[in-house]
Each structure stands twice: as C-alpha cells, then as structure tokens.
**Student:** 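Let me begin by handing over the structure; questions about it come next.
In the text below, chain A, chain B and the rest are named by the order of the sequence lines, each starting its count at 1. Since the model is a prediction, treat every value here as computed from it, not as a measurement.
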Protein chains: 2
Amino acid sequence: MMNLNRLMALRKERNWSLQYVSDQLGMAKSTYAGYESGYRRPSLEAITAMADLFHTSVDYILGRVDEPGAYADQSNRQDEKTTVDLNNLESCMLSVDGQALSEEEIRQFIAFIKAKRELEQPARSK
Amino acid sequence: MMNLNRLMALRKERNWSLQYVSDQLGMAKSTYAGYESGYRRPSLEAITAMADLFHTSVDYILGRVDEPGAYADQSNRQDEKTTVDLNNLESCMLSVDGQALSEEEIRQFIAFIKAKRELEQPARSK
DNA sequence: CAATTATGTACGCGGAACGAGAACATTATT
DNA sequence: AATAATGTTCTCGTTCCGCGTACATAATTG
C-alpha cells in the first residue's frame, strides 16, 4: 500500500541513527522505527517534522513526487536573510575562491563539523 | 496549530458540496466535514486522496507551501539556487542540522578545502 | 578477547482519536 | 408551505498510535 520507503534512504544518506532522528523529532526511537518499517503510520505533524528535518517535502516522503528538494521548507521561506542548511545540498551552490564545491566536499565538511561538535559535547550521542 | 484551512477554500472554489467531496473520497460526509472544521485530522491516505481530487499537493493543503500547483515549479526552483562564496560570508548564514556555523568553523573549512586542492593538483601548484 | 555501549527490530498495553451514523439547524428548491 | 439539500455537532464502537520494554546484533572501548 502506501509505504514510506524513502524514509530509510533519507536517513542513511545522512548517516543518521534511529536514535538521532527520533531525538530530533521528539519521539521515541521505536515510534520512528515503526514508520520506516511500515509498522506504524506517522501523524500529519510527524510527517511534517520529518520533511523539515530531511529538508524535503511531504509529497516526496509519500511518493507522490520524485524530486526530493522540490519545495522550499519553512525555515528557508520565513527567514529574510538567506540561511542555508548544508544538509539541503540541492538548494545552494557553495564556492571557495570562485571555484564551486562538489557535493562530496560539502558532505566532508558536514562530517567534519559533526565530528568537531561530538568532541566538544562528549555526553551527547547521535 | 496545524489547521487545514485551505480545504474549504479548495472546495468552494469549485462550488462543491461536502456530500459530493466525501462521495468522491469514499468517506462519510461528517468525516470530511471534520477535516475542514479542524475537529478531525485526515489519515495520510485521506489527505493524499484530497490532494489528488483537488489537483494540488499535500504540502499545499498542510500549508507548507504557498503555491497550489507546486509540481510544475520543480525546474524553476533549481534555477533559483543561491550561490554563496565562502570568502564573503556577510550575506548569508550557514547551518548544519539547524545549528549555525561560526565564522571560525567556516575559516577552518576554507583552509581544509584549499589544502585538499593543493594535494590534488601537485603539478600545478607553486 | 571480554565487556560495554550503540544500533536496529519486534511486541504488548493504555489511551487517544478516527470514522461512521444520527440528529438537528439552516438554506435552497419546487 | 413542503421537501430536499447542505452544513454542523454529538455519541459510540473500534482502530491503531506512541511509548516503554525486551531482545539481537554490530560497534567500540579497555
């Protein structure tokens, strides 16, 4: 039927754990795991929060649309200054000395930042 | 909270009755009426069926997006990519997982990228 | 290698809330 | 005026959501 098969792909692309995602969404690990496995179905608020977290659209998670980054998410829409979250690679082009950065380089930077934050906050785990 | 205020507008634009819409959706009149009034929240299947019936997106019904026919704009949005050079950061703010990056972190990243490019182009450099 | 911790999976339970139908009020049609 | 159509609100039975928990496996640490 209507499976949310794309959730796991969205999570694994970012190398996030179930625990980390469910913490970000403010729900139990088993709850989010139920969404990925198809055992449970998210509420409208839950699926909206997931679309925000993954910087994609509800329609994409539902499989109604095939472009992950088709819509702007709320945080980007409401900010007057342009705020770019690096997880949303489709929305921005970054360059250094006029030379564009590849997605791979941006991913490395994200990993670098996360590793740095881990070291500074050893108590927290994702 | 998250009201589906746009449902009634979508229906009235078409001069459709609650009975007609609920028949098309295969549910009771009171069920769909509950969605419009905010008394009940639709399931994922129900809101998907509504998006299909009204020829719009789930994100539009949820208020995550302001254009009813959001699908057509996919190619347009990619042209609107914001290009940011990391050497002049005054214009924009960068974040990872919604957490802002400090200027120091970005400077470290610039240094990292430059060093990486040095190593990848040993013949040209110097 | 052993021990501990992180990660993914499955299940049972209490309770929230969904969906249908009925009853009623209001408006439109004849 | 009578009838039908439309919109609103309520109760009831049932579904199923979300959490806690337990367990299996993989990863990390000493």
**Student:** What is the distance, rounded to the nearest whole Å, between atom CG of Leu44(B) and atom C1' of dC18(C)?
**Tutor:**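 Rounded to the whole Å, the gap is 13 Å.
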**Student:** So, does Arg41(A) get its side chain near the phosphate of dC18(C), meaning an N or O under 4.0 Å from OP1 or OP2?
**Tutor:**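 For dC18(C), neither OP1 nor OP2 has a side-chain N or O of Arg41(A) closer than 4.0 Å.
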**Student:** I want to confirm an ordering. Mapping Tyr39(A) and Ser43(B) to their closest nucleotides on DNA chain C, which one lands closer to the 5' end?
**Tutor:**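 Residue closer to the 5' terminus by nearest nucleotide: Tyr39(A).
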**Student:** Using a heavy-atom cut-off of under 4.0 Å over every strand shown, decide if Tyr20(B) touches base, sugar-phosphate, or nothing.
**Tutor:**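 Nothing, no nucleic acid heavy atom in range.
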**Student:** Does Ser37(A) reach a base, just sugar-phosphate, or nothing at all? Heavy atoms under 4.0 Å.
**Tutor:**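 No contact at all - Ser37(A) keeps every heavy atom at 4.0 Å or more from the nucleic acid.
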**Student:** Measure the distance from CH2 on Trp16(B) to P on dA5(D) and round it to the nearest whole Å.
**Tutor:**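 Roughly 20 Å, once rounded to whole Å.
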**Student:** Taking atom P of dG7(D) as reference, at what distance in whole Å does atom CG of Leu7(B) sit?
**Tutor:**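 Whole-Å distance recorded here is 14 Å.
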**Student:** Minimum heavy-atom separation for Ser57(A) to Ala51(A), with atom names?
**Tutor:**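 The answer is C-CB, 3.9 Å.
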**Student:** Return the OG1 to CG distance between Thr48(B) and Leu53(B), rounded to the nearest 0.5 Å.
**Tutor:**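 Separation between the atoms: 12.5 Å.
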**Student:** Send over the distance from Glu45(A) CD to dC17(D) P, rounded to a whole Å.
**Tutor:**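 These atoms are roughly 15 Å apart.
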**Student:** For Asn15(A) and dA6(C), what is the distance between atoms CG and P respectively, to the nearest whole Å?
**Tutor:**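 My rounded result for the distance is 18 Å.
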**Student:** Please state how far atom CZ in Arg40(A) lies from atom P in dA10(C), giving the value in whole angstrom units.
**Tutor:**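 Rounded to whole Å, this separation is 13 Å.
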**Student:** Could you tell me whether Arg6(A) sits above the aromatic face of Tyr60(A), with NZ or CZ closer than 6.0 angstrom to the six-membered ring centre and within 45 degrees of the axis?
**Tutor:**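 Checked: cation-pi criterion met.
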**Student:** Determine whether Leu7(B) and Met50(B) satisfy the following criterion, side-chain contact (heavy atoms from CB on, under 4.5 Å), listing intermediate values before the conclusion.
**Tutor:** CA-CA 9 Å; Leu7(B) 276 183; Met50(B) 291 189 279; 3.8 Å; yes
**Student:** Should Tyr35(B) be listed as having a side-chain N or O under 4.0 Å from OP1 or OP2 of dC18(C)?
**Tutor:**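 No, outside the criterion.
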**Student:** With heavy atoms under 4.0 Å as the rule, sort Ser30(B) into base, sugar-phosphate or nothing.
**Tutor:**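 Base, at least one base atom sits under 4.0 Å.
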**Student:** Please report the distance, rounded to the nearest Å, between CG in Leu18(B) and P in dA25(C).
**Tutor:**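 Roughly 19 Å, once rounded to whole Å.
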**Student:** Looking at every strand, decide which applies to Tyr32(B) at a 4.0 Å heavy-atom threshold: base, sugar-phosphate, or nothing.
**Tutor:**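 Nothing: the residue Tyr32(B), judged by heavy atoms under 4.0 Å, touches no strand.
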**Student:** On DNA chain D, check which nucleotide each of Lys29(B) and Ala46(A) is closest to and give me the residue with the more 5' one.
**Tutor:**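 The residue mapped nearer the 5' terminus is Lys29(B).
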**Student:** For Asp23(B) and dG19(C), give me the distance from atom CG to atom P, rounded to whole Å.
**Tutor:**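 Result: 16 Å.
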**Student:** What closest approach, in Å, do Ala33(A) and Leu18(A) show between heavy atoms, and which atom pair accounts for it?
**Tutor:**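 Scanning both residues completely, I find the closest heavy atoms to be CB-CD1, 4.1 Å.
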